[in-house]
Amino acid sequence: MNVGANLEAVRGRIRAAARAVGREPDDIALLAVSKAQPLAALQAAWAAGQRAFGENYIQEADAHIDALPDAEWHYIGRIQANKARAIAERFAWVHTVDRTRIAERMSTLRPSSLPPLNVCIQVNLDNEASKSGTDAAGAAELAAAISALPRLRLRGLMALPRATADADLQRAAFATVRQLFEALQERHRELDTLSLGMSGDMEAAIAEGATIVRIGTGIFGARA
Ligand SMILES: *Cc1c(COP(=O)(O)O)cnc(C)c1O
């Protein structure tokens, strides 16, 4: 595994995908998803210039954050109520807020010494039972609720559509998220983030407006 070379390849994919649809590559941030990776792999990514990392599990994230405290940490896992404090205290971003009660808790728990916690609402527009996320109506209600919370900063939407190798289906799923995002922007001008796309579908996500792509295996190889 050569994390530096993999990172260079992923950055090349982002540039190519952006140019193919007339977007600026710099408008797409690369989040390195470091769940189930050894510390050495994260350190190699840091050494190769990667600064933003995404984590799914609090316990593992604690050790990773302790080792790389100057990185920008994003929580992208399922939120359990008893982990809200750890998320509010240790992360700069959370991508997976899907209910008001959790948003309220995180606003209350966000330390006043830190800037507001950046929040994306996770949407689940195909209503997959196995996944977190709210529907379109729920996203509108949640956006209104989050906007009123003092210690949260509403940034946009995150989605994890059904995995498929079919590029047209990938794009269609991302397009529905983008349409919802644009509808929400009419009421919430501050929205600037679409967290869409993983190793297998980042080109489709970038074509549909992703501003953050979340890449794990493309950078670190297969997870243990
Ligand atoms: C694991 C994970 C990723 C990264 O997936 P890869 O296919 O390894 O790139 C992205 N987003 C979320 C929410 C994840 O859980």
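Both ligands and their constituent atoms are indexed starting at 1 by order of listing.
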What is the ring orientation for H74 with W93, classed by angle as parallel under 30°, tilted 30 to 60°, or perpendicular over 60°?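 Geometry flag for W93 against H74: parallel rings.
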Ligand 1-proximal atoms of Q122, by part, heavy-atom distance under 4.0 Å: neither
Taking heavy atoms and a distance under 4.0 Å, where does T96 meet ligand 1: side chain, backbone, both or neither?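 Answer for T96: neither.
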Protein heavy atom at shortest distance from [atom]:
atom                    : result
atom 11 (N) of ligand 1 : R214 NE, 2.8 Å
atom 2 (C) of ligand 1  : K35 NZ, 2.6 Å
atom 9 (O) of ligand 1  : S199 OG, 2.5 Å
atom 10 (C) of ligand 1 : M198 SD, 3.2 Å

Heavy-atom count around R51 CZ within 6.0 Å, excluding the residue itself: above 12? yes
If you count the atoms of ligand 1 from 1 in the order shown, which ones are under 4.0 Å from a heavy atom of [X]?
X    : answer
R223 : 1 (C), 8 (O)
I215 : 9 (O)
I76  : 11 (N), 12 (C), 13 (C), 14 (C)

Can you give me the closest heavy-atom contact between S132 and R78, atom names plus distance?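 The answer is OG-NH1, 3.3 Å.
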Take every heavy atom of H95, measure it against each atom of ligand 1, and state whether any distance is under 4.0 Å. no
Those residues that, when tested against D166, pass salt bridge (charged side-chain N to carboxylate O under 4.0 Å, His left out) (two or more places apart): none
E55 side chain to S34 side chain, donor-acceptor N/O pair below 3.5 angstrom: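 Yes, because at least one side-chain N or O of E55 sits under 3.5 Å from a partner of the opposite role on S34.
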Test side-chain contact (heavy atoms from CB on, under 4.5 Å) on I212 and I28; report intermediate values, then the result. CA-CA 5 Å; I212 299 181; I28 299 143; over 6 Å; no
My understanding is that only residues two or more places apart in sequence, or in another chain, count here; which of them pass side-chain contact (heavy atoms from CB on, under 4.5 Å) with A17? E203, I206
